[in-house]
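Here's the structure, in structure tokens; my notes come after.
Bear in mind that the values here come from a model prediction, so they are computed numbers and not experimental data. In this chain, residues are counted from 1 in sequence order.
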Amino acid sequence: METKFWDRAVGSLRRGRLFAGAPDRRARWSAWWAGRLGRSDRGMTTSEYAVGTIAACAFAAVLYKVVNSGPVLSALQSLVEDALDAKF
């Protein structure tokens, strides 16, 4: 089974093979890897997709109700009629 990149990187980090430069460079790399390995921010999770989808559907339903209301329909109809009756 192929090991993942971060597994190889952590192994190299622990064995001290990753750094051949100055100590400050090693400290910067150590801090960077510790920050990367401490969190798992690789995109949205399934629950975030579900909440986003529900929010988008709710927004679409509200927008549909607003556009199909009487005042908005009459305003859109008058706008289209005025555009068609325009004199050039």
Side-chain angles (χ1 to χ4, degrees):
M1 186 165 130
E2 184 178 329
T3 60
K4 294 184 178 177
F5 171 75
W6 55 84
D7 293 334
R8 292 189 312 245
V10 169
S12 296
L13 183 64
R14 287 187 182 145
R15 289 187 293 274
R17 284 195 236 156
L18 194 58
F19 310 103
D24 60 334
R25 182 175 170 202
R26 181 178 183 160
R28 277 195 319 248
W29 274 99
S30 296
W32 186 81
W33 274 111
R36 290 295 297 159
L37 296 173
R39 63 175 190 254
S40 177
D41 251 355
R42 298 183 57 92
M44 289 199 313
T45 61
T46 305
S47 60
E48 289 170 332
Y49 277 116
V51 170
T53 302
I54 291 171
C57 290
F59 180 71
V62 168
L63 189 61
Y64 179 77
K65 285 289 191 182
V66 168
V67 170
N68 283 332
S69 66
V72 174
L73 279 177
S74 64
L76 288 174
Q77 185 177 1
S78 67
L79 180 70
V80 170
E81 287 174 355
D82 290 344
L84 293 174
D85 292 336
K87 307 235 185 312
F88 292 103

- Could you pull out the closest heavy-atom pair between N68 and L73, with the gap in Å? O-CD1, 3.5 Å
- Do the side chains of L63 and L76 join up, straight or via other hydrophobic residues, at under 4.5 Å, putting them in one cluster? yes
- Message: Would you compute the distance between atom CD of Q77 and atom CG of D82 and round it to the nearest 0.5 angstrom?
- Response: 10.5 Å
